[in-house]
Student: 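Have a look at the structure that comes next, please.
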Amino acid sequence: MSTLSDIVTGTLIFLGSLLALTAAIGVVRFPDTLSRMHAATKPQVIGLILILLGAFNSLRGNVDIWMIALVGIFTVLTAPIIAHTVGQVAYREQRMRSDLFMVDELEAQGAEEADGHHRDAADDPAGTDRQG
């Protein structure tokens, strides 16, 4: 049973490391910020989860397992938020290839805000401008 567990652990860690390597190569090779952000978040998070699963399998019965679980949970929770924030900043700073966009929803939102048609809750604290 120990040999099978070692094989599973090694396979998980190897696959996770391979995904982390592809993420690092993508960050270096991709041309614009949005493509690099995609490479830095998706395979990196999955690779880290695979590595943590391999460590979890290797450390069965150890107290450190819960710390590994916390690392995985916080990574899964924070990676999308960070990627979203980086994407917004890259869009605002015009550091992306707009020819790759099929639909540019942020451009339409920016046009509404510039025209003054978009109203925030801060503009209408009583909520009198609601339709319905």
Side-chain angles (χ1 to χ4, degrees):
M1 188 71 170
S2 174
T3 305
L4 180 62
S5 177
D6 290 342
I7 291 172
V8 169
T9 298
T11 303
L12 287 171
I13 291 175
F14 176 75
L15 291 175
S17 301
L18 190 64
L19 279 172
L21 176 66
T22 59
I25 291 171
V27 167
V28 172
R29 297 281 313 241
F30 285 152
D32 62 327
T33 304
L34 296 179
S35 299
R36 289 178 180 172
M37 176 191 65
H38 180 78
T41 54
K42 307 254 190 252
Q44 184 69 31
V45 170
I46 295 171
L48 178 65
I49 295 299
L50 288 174
I51 290 171
L52 292 177
L53 286 173
F56 195 84
N57 190 29
S58 177
L59 295 174
R60 275 178 287 144
N62 196 335
V63 170
D64 296 332
I65 287 178
W66 299 111
M67 194 63 72
I68 292 172
L70 284 175
V71 168
I73 290 169
F74 286 133
T75 300
V76 169
L77 290 177
T78 59
I81 296 167
I82 293 169
H84 181 74
T85 305
V86 168
Q88 283 184 333
V89 169
Y91 183 84
R92 286 187 190 132
E93 296 291 324
Q94 307 265 326
R95 298 196 184 272
M96 76 290 176
R97 290 179 49 197
S98 56
D99 61 318
L100 297 177
F101 292 150
M102 294 177 71
V103 176
D104 191 357
E105 295 173 357
L106 291 177
E107 181 180 30
Q109 180 183 0
E112 286 179 4
E113 290 175 1
D115 292 341
H117 291 103
H118 181 74
R119 294 185 61 140
D120 290 334
D123 296 336
D124 188 20
T128 57
D129 193 30
R130 293 190 186 138
Q131 296 177 3

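Positions are given from 1, in the same order as the sequence printed here. Excluded from the calculations below are hydrogen atoms, water molecules and symmetry mates; all remaining heavy atoms, backbone and side chain alike, are included.
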Student: Can you tell me how far OG of S58 sits from CG of L53, rounded to the nearest 0.5 angstrom?
Tutor: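 These two atoms lie 12.5 Å from each other.
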Student: What's the spacing between I82 CD1 and L77 CG if we round to 0.5 Å?
Tutor: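 The distance works out to 11.0 Å.
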Student: Any chance you could measure L59, atom CG, to I68, atom CD1, to the nearest 0.5 Å?
Tutor: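 Taking CG in L59 and CD1 in I68, the distance rounds to 5.0 Å.
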Student: Would a distance-only check, ignoring hydrogens and angles, find a side-chain to backbone donor-acceptor pair under 3.5 Å from T75 to V71?
Tutor: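 Answer holds: yes.
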Student: To the nearest 0.5 Å, tell me how far T9 OG1 sits from L4 CG.
Tutor: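 Those atoms lie 9.0 Å apart.
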Student: Report yes or no: does R29 contribute a side-chain atom to a donor-acceptor pair with the main-chain N or O of G26 at less than 3.5 Å?
Tutor: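 Flag not set: sc R29 to bb G26 has no pair under 3.5 Å.
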Student: First locate atom CD of Q44, then atom NE2 of H38, and finally report the distance between them rounded to the nearest 0.5 Å.
Tutor: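 Rounded to the nearest 0.5 Å, the CD-NE2 separation comes to 13.0 Å.
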Student: In the single-linkage hydrophobic clustering (I, L, V, M, F, W, Y; side-chain heavy atoms under 4.5 Å), do I65 and L52 co-cluster?
Tutor: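 Shared cluster, yes.
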Student: Looking at every heavy atom in both A39 and A23, which two are closest together, and how far apart are they?
Tutor: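 Shortest heavy-atom separation between A39 and A23 comes out as O-CB, 3.2 Å.
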Student: Identify the heavy atoms of T41 and A83 that sit nearest to each other, and give their distance.
Tutor: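 Heavy atoms of T41 and A83 come nearest at CG2-CB, 3.5 Å.
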Student: Can you tell me how far the CD1 atom of I46 sits from the CG atom of L15, to the nearest 0.5 Å?
Tutor: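 Going from the CD1 atom of I46 to the CG atom of L15 covers 12.0 Å.
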Student: Under a single-linkage definition using a 4.5 Å side-chain heavy-atom cutoff for Ile, Leu, Val, Met, Phe, Trp and Tyr, are I51 and V45 assigned to the same hydrophobic cluster?
Tutor: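 Different clusters: I51 never reaches V45 through Ile, Leu, Val, Met, Phe, Trp or Tyr contacts under 4.5 Å.
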Student: Taking a hydrophobic cluster as the set of Ile, Leu, Val, Met, Phe, Trp and Tyr residues connected by side-chain heavy atoms closer than 4.5 Å, whether directly or through intermediates, do L19 and L12 fall within one such cluster?
Tutor: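 The answer is yes; both residues are in one hydrophobic cluster.
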